[in-house]
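A short worksheet on the structure shown next.
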There are 2 protein chains.
Amino acid sequence: MSRTTHNPELTRRALLDSAAGHIHRLGFQAASLDAILTESGVSKGALYHHFATKQELGLAVVDEVYGQPFLAELAAQLRRSADPLTDLALVLRSKREGATLCSVQHGCPLNNLAQELAGQDEAFRQRINAIMQAWRNLLQDALDRAAQAGLLRSGVDTAREALFLVASLEGATGLAKTTRDPAVYTHCLEVLEEHLLGLRVRAS
Amino acid sequence: MSRTTHNPELTRRALLDSAAGHIHRLGFQAASLDAILTESGVSKGALYHHFATKQELGLAVVDEVYGQPFLAELAAQLRRSADPLTDLALVLRSKREGATLCSVQHGCPLNNLAQELAGQDEAFRQRINAIMQAWRNLLQDALDRAAQAGLLRSGVDTAREALFLVASLEGATGLAKTTRDPAVYTHCLEVLEEHLLGLRVRAS
DNA sequence: CTCAAAACATACCGGTTGGTCGGTTTATAG
DNA sequence: CTATAAACCGACCAACCGGTATGTTTTGAG
């Protein structure tokens with residue numbers, strides 16, 4: 001499998017994609033560079049031409065493979081509409097229905113890395129934290145728009161609710177991974193959806 | 001630091017305690033046996049006299065250091081009382097107030113291991129899952145007692161709520177670890193407490 | 001006291017890891 | 001064409017890992 005494309009962008013992509021898969025399945029520390037190189041058909045020399053260390057490769061995976069695509073998709077789903085609260089509920093529903101066996105088995109890649117490395121590697125922690133911060137901000141923006149449209153009960157703290165949403169979502173994926181049971185994920189998201197819709201002004 | 005106590009229970013304890021600390025800080029795979037042995041002052045021969053493999057040591061840590069004490073304490077906090085819902089809220093409050101800097105930085109040891117190993121090591125997954133199952137059962141029992149006492153709104157699914165509680169708690173510790181911010185943990189638990197008390201029958 | 005088994009000590013091993021280094025190939029500017 | 005730097009190659013390395021083999025000390029039953 002000689003690939004020697006001399007196309008640096010392609011080589012970089014192959015490395016990122018292969019590394020993303022290994023890291024998702026095994027975690028960062030257990031992911032072997034040799035295994036990544038074998039799978040992607042890239043040589044060790046090429047790897048260290050593109051990335052100075054394993055850590056740099058991992059950080060690039062976090063940003064470019066895990067973070068940005070995820071945030072872009074979420075932002076698209078929450079494009080300003082007349083009813084942001086329903087948009088949020090739909091996001092939960094799509095997550096629920098899109099739960100693959102693989103995603104249940106291996107969990108959320110960002111959450112995995114956060115749990116593995118947040119206590120040990122400050123660079124990783126900061127990158128992951130920045131992505132989760134952006135995530136929270138997207139959710140809070142939607143909640144704020146709902147509040148401004150008069151859709152929320154009074155006294156709802158949108159920042160805390162956004163925080164709680166992220167935490168509970170990560171917790172749900174984690175618990176589903178532990179139980180290996182997609183229904184666990186589904187049930188958690190259902191309760192979360194009910195909680196979310198409970199923020200709506202009471203019809204009376 | 002020659003310890004050679006020839007007291008097998010003491011040696012075993014020293015190993016479990018030291019291993020628990022290293023695993024909590026670094027994760028199971030990154031925890032080095034040599035480091036554990038140096039810290040505890042136990043020799044490699046003694047280690048492999050008590051445990052056949054590193055995995056067996058880890059499983060014993062999960063059961064005896066992480067799992068059983070935690071479940072015993074929770075069971076004590078939820079001893080059958082007249083108002084189980086308030087008991088649950090008090091558990092959340094004590095967790096909130098007992099959040100140490102270390103626990104925020106390194107997270108819940110069970111959750112850490114679950115995220116690290118659930119996808120790779122079936123033995124670990126089953127042990128951790130059993131503990132979390134017991135955890136859920138304790139919570140659901142309390143909710144069921146509350147329901148039987150007529151304290152809950154109709155239509156509350158106690159099993160799902162118990163599941164949601166565990167997931168959200170783990171998610172909150174995970175997010176606090178990522179942000180390195182105890183306030184994040186506090187805020188999540190506050191919202192969770194409100195959610196819990198929202199299950200109570202409406203006064204009217 | 002005897003002696004077998006439990007408890008422990010330590011030198012050692014093969015395998016894997018992230019990372020290095022000298023050399024080669026290819027693209028491209030001049 | 002030539003020259004230069006980017007892109008890539010792959011053998012090699014020291015460090016570390018979990019685990020083993022062999023031998024020694026202690027305990028406690030008979």
Side-chain angles (χ1 to χ4, degrees), chain A residues 1-62 113 116-117 120-124, chain B residues 1-62 113 116-117 120-124:
Chain A
M1 192 192 297
S2 123
R3 30 175 319 292
T4 317
T5 53
H6 274 271
N7 179 336
E9 263 110 51
L10 215 81
T11 302
R12 204 183 128 90
R13 252 294 126 196
L15 280 171
L16 286 177
D17 288 341
S18 179
H22 278 83
I23 291 173
H24 189 194
R25 289 190 299 271
L26 303 170
F28 175 74
Q29 303 183 88
S32 156
L33 290 181
D34 286 330
I36 292 169
L37 294 174
T38 299
E39 188 192 72
S40 61
V42 175
S43 73
K44 198 155 245 190
L47 165 64
Y48 278 94
H49 176 73
H50 287 277
F51 302 97
T53 62
K54 187 190 182 189
Q55 186 198 41
E56 255 193 30
L57 172 64
L59 291 172
V61 166
V62 167
L113 280 188
E116 180 187 355
L117 299 173
Q120 300 172 60
D121 189 309
E122 188 55 17
F124 267 103
Chain B
M1 192 191 297
S2 121
R3 28 175 319 293
T4 317
T5 54
H6 275 272
N7 178 335
E9 263 113 49
L10 214 80
T11 302
R12 202 183 128 90
R13 253 294 125 196
L15 280 171
L16 286 177
D17 288 341
S18 180
H22 278 84
I23 291 173
H24 189 193
R25 288 191 299 271
L26 304 169
F28 175 74
Q29 302 183 88
S32 156
L33 290 182
D34 287 328
I36 292 169
L37 294 175
T38 299
E39 189 192 73
S40 61
V42 174
S43 73
K44 199 157 248 189
L47 164 64
Y48 278 95
H49 176 74
H50 287 276
F51 302 98
T53 61
K54 187 190 182 188
Q55 187 200 40
E56 255 193 28
L57 172 64
L59 290 172
V61 167
V62 167
L113 280 188
E116 179 187 355
L117 299 174
Q120 300 172 57
D121 189 308
E122 188 56 16
F124 267 103

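Naming convention: chains lettered A, B, ... in sequence-line order (proteins, then strands); numbering from 1 in each chain.
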If the condition is side chain to side chain donor-acceptor pair (under 3.5 Å), which residues does Q120(A) pass it with, not counting sequence neighbours?
none
Inter- and intrachain pairs under salt bridge (Lys or Arg N to Asp or Glu O under 4.0 Å), touching residues 47-56 of chain A, at least two apart:
none
Spell out protein contact along nucleotides 20-30 of chain C as letters: B when the base is contacted, S when just the sugar-phosphate is, - when no protein heavy atom is under 4.0 Å; keep the 5' to 3' order.
B----BS----
Suppose we screen for side chain to side chain donor-acceptor pair (under 3.5 Å). Which residues come up paired with R25(B), at least two apart in sequence or across chains?
none
Below 3.5 Å between N/O atoms, which protein atoms pair up with nucleotides 1-5 of chain C? Just atom names and distances, please.
none

Taking only heavy atoms on the protein side, list every residue of residues 19-29 of chain B lying under 4.0 Å from any atom of DNA chain C, sorted numerically.
none
I'd like to check the side chain to side chain donor-acceptor pair (under 3.5 Å) partners of S18(A); sequence neighbours left out, ordered by chain and number.
E39(A)
Rounded to the nearest Å, what distance is computed from the CG atom of residue L47(B) to the C1' atom of nucleotide dG19(D)?
10 Å
Per the under-4.0 Å heavy-atom filter, residues of residues 8-15 of chain A near DNA chain D come out as P8(A), T11(A)
Side chains of L15(B) and L37(B), heavy atoms from C-beta outward: is any pair under 4.5 Å?
yes
With N7(B), which residues qualify under side chain to side chain donor-acceptor pair (under 3.5 Å), at least two apart?
none
Of the nucleotides dA7(D), dG18(D), dG10(D), which has the atom closest to the L33(B) side chain?
dG18(D)
Residue set satisfying ring pair (Phe, Tyr, Trp, His ring centres under 6.0 Å) with F51(B), at least two apart, ordered chain then number -> none
Atom CG of L37(B) and atom P of dG18(D): how far apart are they, to the nearest Å?
9 Å
Within residues 53-62 of chain B, residues whose heavy atoms come under 4.0 Å of DNA chain D:
T53(B), K54(B)
Based on Watson-Crick and G-U pairs with both distances under 3.5 Å, what dot-bracket line describes DNA chain C 5' to 3', crossing pairs as [ ] and inter-strand pairs as |?
||||||||||||||||||||||||||||||
